[in-house]
Amino acid sequence: MALRVFNTLSRKKEDFVPASPEVVRIYTCGLTVYSRMHIGHARTYCFWDMFRRYLEYNGYHVMSVINYTDIDDRLMERATDSVGSIDIAERVIASFRNDCRMLRIKDYAVYTRATDFIRGQIEMVAQLIGKGHAYVVNGEVFYDVASFPGYGKLSGRTVEEQQVGASGRIGEDVSRKRNPADFTLWKPSEGGQPSWQTGHPDWPQGRPGWHIECSVMSSETLGATFDLHGGAVDNMFPHHENEIAQSEPLCGCSTWVKYWMHPEHLDLRGEKMSKSLGNVVGVPDLLERHSYDKLRWFYAMNHYRTKLAFSGELIDSAAEGYRKITNLLDILEGRLSKWEDVAEGVPARGDYASLREPEMRVPRLRHYYEYGQYGELATKFIAKFREAMDDDVNSPQATAAMFEYVNELYRGGIESADDMPSVLAAYRCLTRHLYVLGIERPNELLYPQLATDCFPVGGESDTAAQDAFIDRLVEARGQARADKDWAKADMLRDLFAQCGLEVEDTAEGARWKLKG
RNA sequence: GGCGGCGUAGCCAAGUGGUAAGGCAGAGGACUGCAAAUCCUUUAUCGACGGUUCGAUUCCGUCCGCCGCCUCCA
């Protein structure tokens, strides 16, 4: 079975077949950088990251482009004499990059800024005018919706339908437009507003409209046509609809972009998140309460095309189940780290990390998830995981498969198994698939490629000395237990707990961890 | 006014024309000095009413409730 995705264009699940069998080209609408990324954006970009990771898992190289809209009225409104709109944009972009890294969103191949592509935008506007798709009114350029028969095909609406209830803001604008749905391609700037010279007498100066920038940036970076265009639901109309209207007549093809996908928004219990309601939560605020991996797991537990009920309690509830998985990984890491060269015990029958067709795979490393006494469980799990993800990225089902896998590993006694190569294979199988969901465990136990691919976790200090100290404390309690001095042992355990140190007694001795 | 979506156990959430994954919470049990961790057992007729069908939670219709979009928005 191969990957199928729900294509907004057809409103159906379709086989995902990129133009190249090796490369997938994706353009994602990024932020309008007038204000910082919030948790809603996080859901969207975490989804795109998971999608990208799954494509890579399948052997594709993903050329991903994301843009910053750094020319915008809201940006200009916020500008002051001392802090210009470009300053604001720079700050927001910097914090966006930082937030993405905190969320372990892999770097995009290209980050574009609308203001870096003005020349192309002017050129494209001119072409649209030349082809009769746009008209000029007092230095302002509008797209003529009526000139494009396909207008509305993405969002499934017609121009006529819209007119009835278009009550909102048909104000001063409409008189200059031929059709209320016509949108701005270029508008003149006044006063201190950012302005570019066009070289066209009818519309000599000004700035671009919102939609034209994405049409230009995507095509200049990815080519006249590309595989997939993303964003979130709110982009579907009018933004993406307008992009199609602009680009399709000029791309020299019948279909500018083959697939469109639109992840749903967050649902904050009926309250729309907005600045005015004061319920905008930034990524750092959120990560202070819930570590990134719990958040990623929470996102993965919900399907991307359904609204996500979002609250701290729901994240905690999901994290409680996730803890069972990390608990196992902690145990396995602790045991595996005591073995030298355990990887040598795994046969070198490896495949390339991806799941390309067998004849296309490159056996270069020891990737052998299905090795050893837990091999059958891995086979079953991988099949279920892939089946779920292939079906329009059904990550909730994928997480369910992972729970089943983990349960069976526990049941199979992996906590105390002696066959370390088998344990390693299972450990790698789990971490590899968590990685697809955006959860990374940088660890030398991983095979080298994945280990280097994981996000660098800067700033972590060496805790060896501290660990040794804690070991001695825990040993003291162990002695009390050996002496059957339960009062002392329990007193110490309570004391440790108060300090955030949890101790568990196992057949192999006490195990501790810092609660975080 | 137009377009679209949703309603599955206390909570979250997949899914299917043949009587419903997974997680949280709850209950009982095993293990443990006690815990913890883990394991075992256990909890739903899928918003309401009709229709199609041998059979619908899954298809169609009506209704009720919730929500999004049509205006900048991830």
Side-chain angles (χ1 to χ4, degrees), chain A residues 11 28-32 34-35 37-48 69 72-74 152 155-171 173 180-181 210 230-239 241 262-267 270 272-275 297-298 301-303 305-309 311 313-325 327-328 330-331 384 388 391 394-404 406-407 409-416 481 484-487 489-490 493-494 497 502-507 510-513:
Chain A
R11 266 155 278 264
T28 307
C29 283
L31 290 182
T32 300
Y34 71 103
S35 119
M37 179 178 185
H38 61 241
I39 54 179
H41 301 117
R43 206 274 250 236
T44 297
Y45 297 118
C46 285
F47 165 72
W48 287 114
T69 299
D72 178 85
D73 284 1
R74 285 165 297 179
S155 53
R157 23 188 130 211
T158 65
V159 175
E160 297 75 48
E161 286 168 355
Q162 302 307 308
Q163 292 178 3
V164 184
S167 52
R169 63 159 64 180
I170 298 188
D173 261 354
W210 177 33
V233 268
D234 53 281
N235 289 139
M236 196 169 96
F237 188 89
H239 185 50
E241 193 70 65
H262 292 97
E264 254 292 352
H265 277 182
L266 240 46
D267 174 12
K272 188 171 178 174
M273 183 166 54
S274 72
K275 310 257 178 333
W297 182 261
F298 175 67
M301 292 270 286
N302 296 69
H303 189 85
R305 278 194 293 113
T306 65
K307 286 189 197 62
L308 205 196
S311 75
E313 293 75 48
L314 290 171
I315 298 173
D316 287 338
S317 157
E320 195 50 37
Y322 169 68
R323 187 196 50 72
K324 191 171 180 179
I325 296 171
N327 181 250
L328 179 60
D330 288 341
I331 291 168
K384 282 192 176 183
D391 183 16
N394 194 330
S395 57
Q397 266 185 6
T399 59
M402 193 172 285
F403 274 121
E404 286 169 5
V406 167
N407 282 335
L409 288 174
Y410 273 122
R411 205 174 302 147
I414 196 169
E415 288 172 280
S416 54
R481 293 186 71 235
K484 298 208 187 297
D485 186 348
W486 307 126
D490 290 348
R493 186 170 59 195
D494 291 344
E502 289 189 340
V503 182
E504 298 170 7
D505 299 317
T506 74
R511 187 165 65 218
W512 61 263
K513 67 180 169 194

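Just so we're on the same page: letters track the sequence lines, and every chain starts at 1. Reckoned from all heavy atoms, side chains included, excluding hydrogens, waters and symmetry mates. Because the structure is a prediction, the values reported are computed rather than measured.
- In this view, A:A489 and A:R477, A:A480, A:R481 satisfy the side-chain contact (heavy atoms from CB on, under 4.5 Å) rule, not counting sequence neighbours.
- Residues meeting the salt bridge (Lys or Arg N to Asp or Glu O under 4.0 Å) test with A:D485, sequence neighbours left out: none.
- Here the separation of B:rA27 from B:rA14, taken at their C1' atoms, is 25 Å to the nearest Å.
- The phosphate of B:rC72 has neither OP1 nor OP2 within less than 4.0 Å of any side-chain N or O from A:T32.
- Looking at heavy-atom distances under 4.0 Å, A:Y45 makes contact with sugar-phosphate atoms alone, never a base.
- Side-chain N/O atoms of A:T306 include one lying less than 4.0 angstrom from OP1 or OP2 on B:rA14.
- Comparing B:rA13 with B:rG4, their P atoms sit 24 Å apart, to the nearest whole Å.
- Residue A:H265 and nucleotide B:rA74 are classified as a stacked aromatic pair, their ring centres being separated by less than 5.5 Å at an interplanar angle below 30°.
- Spacing of P atoms, B:rC69 relative to B:rG28, comes out at 46 Å, to the nearest Å.
- Residue contacts for A:D490: at a heavy-atom cut-off of 4.0 Å it reaches a base atom on one of the strands shown.
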List the protein contact pattern of nucleotides 22-30 of chain B with one symbol per nucleotide (5' to 3'): B for base contact, S for sugar-phosphate-only contact, - for none; contact means a heavy-atom distance under 4.0 Å. SBSS-----
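- Taking the C1' atom of each, B:rC67 and B:rU53 are spaced 33 Å apart, rounded to whole Å.
- Here, B:rU41 and B:rG51 have their P atoms 41 Å apart, quoted to the whole Å.
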Full working for side chain to side chain contact (heavy atoms under 4.5 Å, CB included) between A:D505 and A:R493: CA-CA 11 Å; A:D505 299 317; A:R493 186 170 59 195; 4.1 Å; yes
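- Separation of the P atoms belonging to B:rG29 and B:rA20 is 29 Å when rounded to the nearest angstrom.
- When heavy atoms are screened at a 4.0 angstrom cut-off, A:H239 is found touching no nucleic acid atom at all.
- If you check B:rG2, B:rA37, B:rA14 against the side chain of A:R157, the one that comes closest is B:rG2.
- A:D234 contributes no side-chain N or O that forms a donor-acceptor pair with the base of B:rG68 under 3.5 Å.
- Atom P of nucleotide B:rA36 and atom CD of A:E502 are separated by 11 Å, given to the nearest angstrom.
- For A:L308 and A:E504, each mapped to the nucleotide of RNA chain B holding its nearest heavy atom, the one lying further toward the 5' end belongs to A:L308.
- With rounding to the nearest 0.5 Å, the separation of CD1 in A:I39 from CG in A:L308 is 10.0 Å.
- A gap of 23 Å separates the C1' atoms of B:rG5 and B:rA9, to the nearest Å.
- Rounded to the nearest Å, the gap between the P atom of B:rA48 and that of B:rA25 is 29 Å.
- Here A:N302 reaches the OP1 or OP2 of B:rA13: one of its side-chain N or O atoms lies under 4.0 Å away.
- Checked by distance alone, A:R411 brings no side-chain donor or acceptor within 3.5 Å of a matching partner on the base of B:rC40.
- Between the base of B:rA35 and the side chain of A:R493 there is a donor-acceptor pair shorter than 3.5 Å.
- With hydrogens and angles ignored, a donor-acceptor pair under 3.5 angstrom links the side chain of A:D505 to the base of B:rC34.
- In the interface, the side chain of A:R481 is paired with the base of B:rG33 through a donor and an acceptor atom under 3.5 Å apart.
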Given the rule in the side chain to side chain contact (heavy atoms under 4.5 Å, CB included) test, do A:T44 and A:M37 qualify, once you have shown the distances and angles that lead to the verdict? CA-CA 11 Å; A:T44 297; A:M37 179 178 185; over 6 Å; no
